Amino acid sequence: MPTCIIETPLGCAKINGDKDGIISVSIVDTQEELSHTIPEALLDCTTQIKEYFKEERTSFDLKLNPEGTSFQKKVWERLKTIPFGKTVSYLELSKQLGNVKAIRAVASANGKNPLWIIVPCHRVIGSDGSLTGYAGGLYRKQWLINHESDYTQQSLF
């Protein structure tokens, strides 16, 4: 399985995928050796992630192939519809998926998102506006939300 490690402002990102699409992008808390060469199947992904952090990209255009249940994939597809620079609550996300009582299942699927940043699970917050649960750590979630909101404000002028 082609894999590479790239540096981001939030730590090293590990990217896995092949000709069928990107399987996972994860942030790692340990210092990893950066990839000197990027496998061809991962070139577009690494380029787009770097553009995102340089404020040159607000959405991703990649072939994705994450592993998960059909319900998880349905949640991840819905996450991709959250506009750049915006947030929604877990409750609102559950309503959008047609079952307000599925809030815990939606939150669980959100937490199992294997495509860090590309499928923007960081844009989901608590109903009271609080940051809740984030596999990469709440400080990263806050950083990403700030990065997107700052970018959105700057682009208006």
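From a predicted model like this one, the values you see are computed outputs, not experimental measurements.
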### Query
For the side chain of Ser35 and the backbone of Ile5, is there at least one donor-acceptor N/O pair under 3.5 Å apart?
yes
### Task
Heavy atoms only: give me the nearest Trp76-Gly68 pair and the separation to one decimal.
CH2-CA, 3.9 Å
### Message
Nearest 0.5 angstrom please: Asp44 CG to Asp61 CG, how far?
### Response
8.0 Å
#### Entry: Heavy-atom side-chain contact between Ile49 and Ile15 under 4.5 Å
yes
### Query
Is it true that a side-chain atom of Ser94 and a backbone atom of Tyr90 form a donor plus acceptor pair closer than 3.5 Å?
yes
### Query
Are Leu43 and Ile6 in one and the same hydrophobic cluster, where Ile, Leu, Val, Met, Phe, Trp and Tyr link if side-chain heavy atoms are under 4.5 Å apart?
yes
#### Entry: Pairwise side-chain contact, Leu64 with Leu115, heavy-atom cut-off 4.5 Å (strictly under)
yes
### Query
Any salt bridge between Glu148 and Lys86, counting N to O under 4.0 Å?
no
### Task
Can you label the angle between the His122 ring and the Tyr134 ring as parallel, tilted or perpendicular, going by 30° and 60°?
perpendicular
### Query
Regarding Asn146 and Gln142, is there a side-chain donor-to-acceptor distance under 3.5 Å anywhere?
yes
### Query
Which pair of heavy atoms, one from Ile82 and one from Arg123, lies closest together, and at what distance?
O-NH1, 2.7 Å
### Task
Grab the two heavy atoms, one from Trp116 and one from Ser26, that are nearest each other, plus how far apart they are.
CB-CA, 4.2 Å
### Query
With the 4.5 Å side-chain cut-off for hydrophobic clustering, are Val100 and Ile103 part of the same group?
yes
### Query
From Met1 CE over to Leu42 CG, what is the distance, rounded to the nearest 0.5 angstrom?
9.5 Å
### Message
For Ser108 and Lys112: C-alpha separation, side-chain torsions, deciding distance, then whether side-chain hydrogen bond (donor to acceptor under 3.5 Å, both in side chains) applies.
### Response
CA-CA 6 Å; Ser108 177; Lys112 289 181 172 65; 3.2 Å; yes
### Task
Could you tell me whether the side chain of Leu79 reaches within less than 4.5 Å of the side chain of Leu93, counting heavy atoms only?
yes
### Message
Taking side chain to side chain contact (heavy atoms under 4.5 Å, CB included) as the criterion, tell me which of Ile117, Ile27, Val25 meets it with Thr8.
### Response
Ile27
### Task
Report yes or no: do Val106 and Leu91 belong to one cluster of Ile/Leu/Val/Met/Phe/Trp/Tyr joined by side chain heavy-atom distances under 4.5 Å?
yes
### Task
On the 0 to 90° scale, with breaks at 30° and 60°, tag the Tyr52-Phe84 ring pair as parallel, tilted or perpendicular.
perpendicular
#### Entry: Interatomic distance, Lys14 atom NZ to Ser24 atom OG [nearest 0.5 angstrom]
7.5 Å
### Between SG on residue Cys121 and CG on residue Asn110, distance to nearest 0.5 Å
5.0 Å
### Task
Could you tell me which non-hydrogen atom of Lys80 sits nearest to which non-hydrogen atom of Ile118, and how far apart they are?
CG-O, 4.5 Å
### Task
List the atom of Gly133, the atom of Lys141, and the distance in Å for their closest heavy-atom pair.
O-NZ, 3.3 Å
#### Entry: Val28 reachable from Leu138 in the ILVMFWY side-chain graph, under 4.5 Å edges
no
### Query
Can you find a heavy atom in the side chain of Thr87 that is under 4.5 Å from one in the side chain of Val124?
no
#### Entry: Cys4 side, atom SG; His36 side, atom NE2 - distance, nearest 0.5 Å
12.5 Å
### Query
Under 3.5 Å, side chain of Gln96 to main-chain N/O of Arg78, donor-acceptor pair present?
no
### Message
Could you measure the distance from the OG1 atom of Thr58 to the CD atom of Glu56? Nearest 0.5 Å is fine.
### Response
11.5 Å
### Query
Is any side-chain heavy atom of Asn65 closer than 4.5 Å to a side-chain heavy atom of Ile22?
no
### Message
Restricting to non-hydrogen atoms, name the atom on Ala135 and the atom on Gly111 that form the minimum distance, rounded to 0.1 Å.
### Response
CB-O, 4.4 Å
### Task
Ignoring hydrogens and angles, state whether a donor on the side chain of Thr30 or Glu32 is under 3.5 Å from an acceptor on the partner side chain.
yes
### Task
Go through the steps to decide whether Lys63 and Asp18 satisfy the test salt bridge (charged side-chain N to carboxylate O under 4.0 Å, His left out), and finish with yes or no.
CA-CA 10 Å; Lys63 184 177 181 183; Asp18 56 27; over 6 Å; no
#### Entry: CA sep, side-chain torsions, deciding dist, call: Ile125, Ile145, side chain to side chain contact (heavy atoms under 4.5 Å, CB included)
CA-CA 10 Å; Ile125 59 173; Ile145 290 171; 4.1 Å; yes
### Message
Contact between Leu10 and Leu144 at the side-chain level, heavy atoms closer than 4.5 Å - yes or no?
### Response
yes
### Query
Is the shortest distance from a Lys or Arg side-chain nitrogen in Lys54 or Glu51 to a carboxylate oxygen in the other one below 4.0 Å?
no
#### Entry: Pair Glu77-Val75, side chain to side chain contact (heavy atoms under 4.5 Å, CB included): steps then yes or no
CA-CA 5 Å; Glu77 282 300 314; Val75 172; over 6 Å; no
### Query
Under 3.5 Å, side chain of Lys74 to main-chain N/O of Thr69, donor-acceptor pair present?
no
